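Step one of this worksheet: look at the structure below.
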There are 2 protein chains.
Amino acid sequence: MILKLDLSSDIPLYQQIRNQIVLAVGKGELKPGESLPTVRQLASDIGVNSMTVNKAYALLKSEGYLLIDRRKGAQVCPLKEEHVGPDADFMEKLTLLAAEATAKGLTKEVFLAACKQAAEKMSQKEE
Amino acid sequence: MILKLDLSSDIPLYQQIRNQIVLAVGKGELKPGESLPTVRQLASDIGVNSMTVNKAYALLKSEGYLLIDRRKGAQVCPLKEEHVGPDADFMEKLTLLAAEATAKGLTKEVFLAACKQAAEKMSQKEE
DNA sequence: TATATGTATTATAATTCGTAATACAAACAA
DNA sequence: TTGTTTGTATTACGAATTATAATACATATA
């Protein structure tokens, strides 16, 4: 797994690791059910402390992105069969982003075009 | 100005203040050119230290949302006349959000419907 | 002349972040 | 069995961040 970390960023390392894994899952580079490197392996690969990776994995587990099993290790959570909608936390983040765009002078059309562009970088679930 | 702060949140107070002001500007509750409360006034209103408010104002200024003038105080930045597009930082945040949605099992259609819903809470610039 | 403004400085306490060194039970391979 | 690896928990440490507090300053305004 290839993760790009920015040591000079003000975003905590465990958050950067979490974001990169979410991006990889969203883009389909990590598929549902696929296993992730072990905590110690990933820590060694990217040159950080294993507890930092553990914190990222625990966060991803609590957010519902990963299943962690002592036998199978950490793996990407299988997609739900039924259709799921956005939760409150997601809408809050999205609304803040829409406000930032609007306050910066982006029209609704430009904002929605950007959303569409972002969505098209993601992998689509097969029906 | 009404700001909702959550003291038990893990989001820093100055960030919460910044977010609330961006939301107010995006929704049109604060209009371009409109004056904001003074640092000391807002600090007194919401019961935080004035340096905490100052930090939020300085952040908003550095992000281009506010103009701060010693004569006029802090005011909402007037909208640019020309059409503006999304910058790299905005697209990065949007892409992460799209990845979170996709990893959670939201289809592209559901994600874009949520984006449209968020956009419609915002005020539209008059042409 | 007073007052109010944004801003800068310094200090202090609490919390967070990253690392480090262990330790443990569970699972697996030999 | 024995040995290794797994996720996880604990404790400690230093550095950075966060929030508050008490001032101070030059500028602008009444």
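Source: prediction; values computed, not measured. Just so it is clear: chains get the letters A, B, ... in the order the sequence lines come, proteins before strands, and each one is counted from 1.
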Can you tell which of [options] lies closest to the side chain of [X]?
X	options	value
Thr38(B)	dT7(C), dT5(C), dT6(D)	dT5(C)
Arg40(A)	dG18(C), dT7(C), dA23(C)	dA23(C)
Tyr14(B)	dA21(C), dT20(D), dT18(D)	dT18(D)
Thr52(B)	dT18(D), dT20(D), dT19(C)	dT20(D)
Val39(A)	dG7(D), dT7(C), dT18(D)	dG7(D)
Asn49(B)	dA21(D), dT18(D), dT8(D)	dA21(D)

So Tyr14(B) and Val48(B), do their side chains get closer than 4.5 Å, heavy atoms only? no
Just the table, please: protein N/O against nucleotides 12-16 of chain D N/O, every pair under 3.5 Å.
none

Taking Glu100(A) for the side chain and Phe90(B) for the main chain, is one N or O donor matched with an acceptor at less than 3.5 Å? no
Under 3.5 Å, is there a donor-acceptor pair between the side chain of Gln41(A) and the main chain of Thr38(A)? no
dT7(C) OP1/OP2 closer than 4.0 Å to side-chain N/O of Lys55(B): no
Tell me the interatomic distance from Ile11(A), atom CD1, to dT16(C), atom P, rounded to whole angstroms. 18 Å
